[in-house]
Amino acid sequence: MKYSVPKGTKDILPEEIYRWQKAEQVFAEVCGQYGFREIRIPTFEHTELFMRGVGDTTDVVQKEMYTFEDKGGRSISLRPEGTAGVVRSFIEHGMTSLPSPVRVYYNITAFRYENVQKGRFREFHQFGLEAFGAKGPAVDAEVISILTLFFARMGLTQTHLCINSIGCPVCRTEYNRILREYYQPGLAGMCHDCKGRYEKNPLRMLDCKEPHCHTLAADAPKLLDHLCPDCREHFEGLTANLDDLGIPYTIDPGIVRGLDYYTRTVFEFVSDHVGTQGTICGGGRYDGLVEMMGGQSVPGIGFAMGVERFLMEVEAQGVAIERTPDVHLYIAAMSTEAAVFARKLAFSLRKAGVGCETDLMGRSFNAQLKYAGKTGVPYLMVLGDDEIASQKSRIKNMKDGVQTEIDLSNQSGIIATILNSKLHD
RNA sequence: GUGGAAUUAGCUCAGUUGGUUAGAGCGCUAGUUUGUGGCACUAGAGGUCGUGGGUUCGAUCCCCAUAUUCCACCCCA
């Protein structure tokens with residue numbers, strides 16, 4: 001094989017595209033119902049934007065970005081996620097002066113240079129959204145409810161919501177101090193990574209998988225128990241709002257989002273069908289991000305959903321996604337004259353909005369029927385010299401074999417026959 | 001970045017203890033079948049056995065390297 005896709009990328013083929021289109025359509029529809037509008041941002045940005053916005057200590061920025069210098073000497077990176085670009089756009093276009101909250105959703109590809117495995121690719125797709133300007137927990141719950149509604153509308157039943165609060169800079173500084181105090185006596189026995197984390201980001205020690213560190217983490221003081229009064233009130237507000245909406249959740253003090261900008265609310269939707277990459281969707285609040293990126297002090301919250309992981313989950317839960325046929329009618333022709341007539345009729349029906357096909361392979365009449373059967377087209381019309389002479393033919397419902405007489409000179413009658421008999425499917 | 005497994009037709013997979021011309025099922029094209037498809041039967045097309053080296057009289061098979069895929073670690077969507 002001479003050419004194949006680059007590692008970690010893949011083609012999405014016509015035979016599976018309907019699942020993607022369905023998800024895109026439902027996501028857009030649900031977001032729209034909440035007052036979110038679509039935004040489209042560039043695939044690449046200045047590298048600096050991601051170093052600032054995502055955080056230059058994160059793995060994503062440190063070792064996973066596709067970074068290159070363009071011909072003008074600029075350092076450019078393919079986006080590893082969507083939030084940084086959206087925040088840039090929000091600031092750049094003065095969206096603080098729009099009526100608040102400013103709410104946008106997006107459907108993007110993102111790029112991370114990682115080793116490939118189940119549910120993890122180098123180019124992948126995210127549905128995401130951001131809501132700017134609302135400070136209270138109501139918006140947190142509303143954003144989460146978008147996801148539960150989306151999942152429900154897609155027919156997913158088993159996704160599980162986990163929430164946590166990672167506090168604000170104030171309580172986190174205090175909590176880091178408490179954590180270091182807790183870990184200090186046992187530090188010598190911990191793994192190499194955790195020794196580094198102890199200095200830089202003790203929060204990360206909590207989800208270390210090393211058996212010894214894991215045991216220690218189990219009894220570590222919880223950030224949730226050390227939130228400052230404001231953060232505590234916000235978190236209680238969130239759980240109250242979720243309860244009001246009847247959205248079930250688990251409080252998981254172990255959720256520590258890997259991107260630097262999160263504050264207070266963080267959440268995930270997880271599944272156990274996607275291998276170890278069980279996180280279908282992750283998000284949270286980022287109250288300091290807009291200001292840090294050079295805008296005004298505007299709070300924000302958002303999430304990103306891995307579309308590949310989501311679709312794997314759809315598959316694993318055995319959810320059927322219906323496909324509506326684009327082509328309604330196949331016109332089979334028995335002679336050259338009939339074929340000419342068939343092509344003209346097909347063009348005319350398409351102009352009227354009815355999808356149809358006719359032979360392009362020079363096939364025998366019988367082969368045309370076989371083809372029609374294989375493509376699953378719902379209706380068939382046969383044209384021979386007799387039909388053209390009499391201007392009468394029949395439309396056959398391929399499912400039940402029932403044929404309906406039609407008049408070839410009466411196009412609206414043909415269309416009506418197709419549409420009416422559709423009701424009987 | 002680290003470790004394990006795999007790679008033979010479009011797809012799913014056999015196979016050769018190293019030996020002429022590498023197989024099956026499905027799919028594809030056509031025929032049986034100018035007057036109604038899915039079934040059946042028949043025929044055909046389709047492979048540098050992932051790629052590059054090495055050992056050998058001879059390699060799809062053994063050895064080395066490399067790429068890709070899958071799984072796991074790390075981290076994330």
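The analysis underlying the following values was restricted to heavy atoms, covering all of them including side chains, and did not include hydrogens, waters or symmetry mates. Lettering follows sequence order; numbering is per chain, from 1.
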If the C1' atom of C39(B) is compared with that of G18(B), how far apart are they to the nearest Å?
45 Å

Describe the nucleic acid contact of Gly283(A) in one word from base, sugar-phosphate, nothing, applying a heavy-atom distance below 4.0 Å.
nothing

Answer with yes or no whether Lys7(A) presents, from its side chain, a donor or acceptor under 3.5 Å of a partner atom in the base of U66(B).
no

Suppose we screen for side-chain contact (heavy atoms from CB on, under 4.5 Å). Which residues come up paired with Thr173(A), at least two apart in sequence or across chains?
none

According to the Watson-Crick and G-U wobble definition with distances under 3.5 Å, which dot-bracket string, read 5' to 3', encodes RNA chain B, using [ ] for crossing pairs and | for pairs with another strand?
(((((((..((((.....[...)))).(((((.......))))).....(((((..]....))))))))))))....

Between C61(B) and U29(B), how far apart are the two P atoms, rounded to whole Å?
35 Å

Can you tell me if Phe124(A) is stacked onto the base of A77(B), using a 5.5 Å centroid cut-off and an angle below 30°?
yes

Once you round it to whole Å, what is the distance between C1' of C75(B) and CD of Glu81(A)?
15 Å

Let me check something: any side-chain donor-acceptor pairs from residues 128-138 of chain A under 3.5 Å, sequence neighbours excluded? List them with distances.
residue: Glu130(A); atom: OE1; partner: Tyr286(A); partner atom: OH; Å: 2.5
residue: Glu130(A); atom: OE2; partner: Thr83(A); partner atom: OG1; Å: 2.8
residue: Glu130(A); atom: OE2; partner: Tyr106(A); partner atom: OH; Å: 2.9

Using whole Å, report how far CG of Asn115(A) lies from P of A67(B).
11 Å

Decide yes or no, distance alone: a donor-acceptor N/O pair under 3.5 angstrom between the base of C74(B) and the side-chain of Arg120(A).
yes

With P as the reference atom in both, quote the distance from G27(B) to C11(B) in angstrom, rounded to an integer.
15 Å

Determine whether any donor atom in the side chain of Glu114(A) lies under 3.5 Å from an acceptor atom in the base of A77(B), or the reverse, and answer yes or no.
yes

Under the side-chain contact (heavy atoms from CB on, under 4.5 Å) test, residues paired with His125(A) that sit two or more places apart:
Ile12(A), Trp20(A), Thr109(A), Val307(A), Glu308(A)

Specify the residue among Lys374(A) and Met398(A) whose closest nucleotide of RNA chain B lies further upstream toward the 5′ end.
Lys374(A)

NA contact type, Ser335(A), heavy-atom cut-off 4.0 Å: base, sugar-phosphate, or nothing?
nothing

U32(B) versus U68(B) - spacing of their C1' atoms, nearest Å
44 Å

Atom P, compared across U60(B) and U17(B): separation rounded to whole Å
15 Å

Here the distance between atom P of C73(B) and atom CD of Gln117(A), to the nearest Å, is 7 Å

Whole angstrom is fine here: how far is it from OH in Tyr113(A) over to P in C75(B)?
19 Å

What contact category does Phe127(A) fall into here, base, sugar-phosphate, or nothing, at under 4.0 angstrom with non-hydrogen atoms?
nothing

Figure out the NZ/P separation between Lys370(A) and U34(B), and round it to whole Å.
11 Å

What nucleic acid atoms does Ala372(A) come within less than 4.0 Å of, heavy atoms only: base, sugar-phosphate, or nothing?
nothing

Nearest-angstrom distance, C1' atom, U36(B) to U21(B):
43 Å

To the nearest angstrom, the NZ-P distance between Lys392(A) and U36(B) comes to 22 Å

State which of G35(B), A77(B), C71(B) makes the closest approach to the side chain of Val382(A).
G35(B)

Main-chain N/O of Ile388(A) paired to Gln391(A) side chain as donor or acceptor, under 3.5 Å
yes

Rounding to the closest angstrom, what is the interatomic distance between G25(B) and U42(B) at atom P?
10 Å

Rounded distance (Å) that lies between atom P of U2(B) and atom CD of Glu64(A)
15 Å

Counting just side-chain N and O atoms, does Ser364(A) come under 4.0 Å of either OP1 or OP2 of G31(B)?
yes

State which of U36(B), A77(B), G31(B) makes the closest approach to the side chain of Ala367(A).
G31(B)

Considering only atom P, compute the distance from U55(B) to C63(B) and round it to an integer number of Å.
16 Å

Identify, with sequence neighbours excluded, every residue that meets side-chain contact (heavy atoms from CB on, under 4.5 Å) alongside Asp386(A).
none

State plainly whether the residues Arg88(A) and Glu45(A) are in salt-bridge range, i.e. N to O under 4.0 Å.
yes

Closest non-hydrogen contact found for Gln62(A) with Asp56(A) is CG-O, 3.3 Å

Mind checking what makes side-chain contact (heavy atoms from CB on, under 4.5 Å) contact with Ala28(A), not counting sequence neighbours?
Tyr105(A)

Charged tip of Arg264(A) within 45° of Phe235(A) ring normal and under 6.0 Å
no

If you assign each of Glu387(A) and Met305(A) to its closest nucleotide in RNA chain B, which residue comes earlier from the 5' end?
Glu387(A)

Is Arg363(A) touching bases, backbone alone, or none of the nucleic acid, heavy atoms closer than 4.0 Å?
sugar-phosphate

Could you give the CE-to-C1' distance, from Met334(A) to U34(B), as a whole number of Å?
4 Å

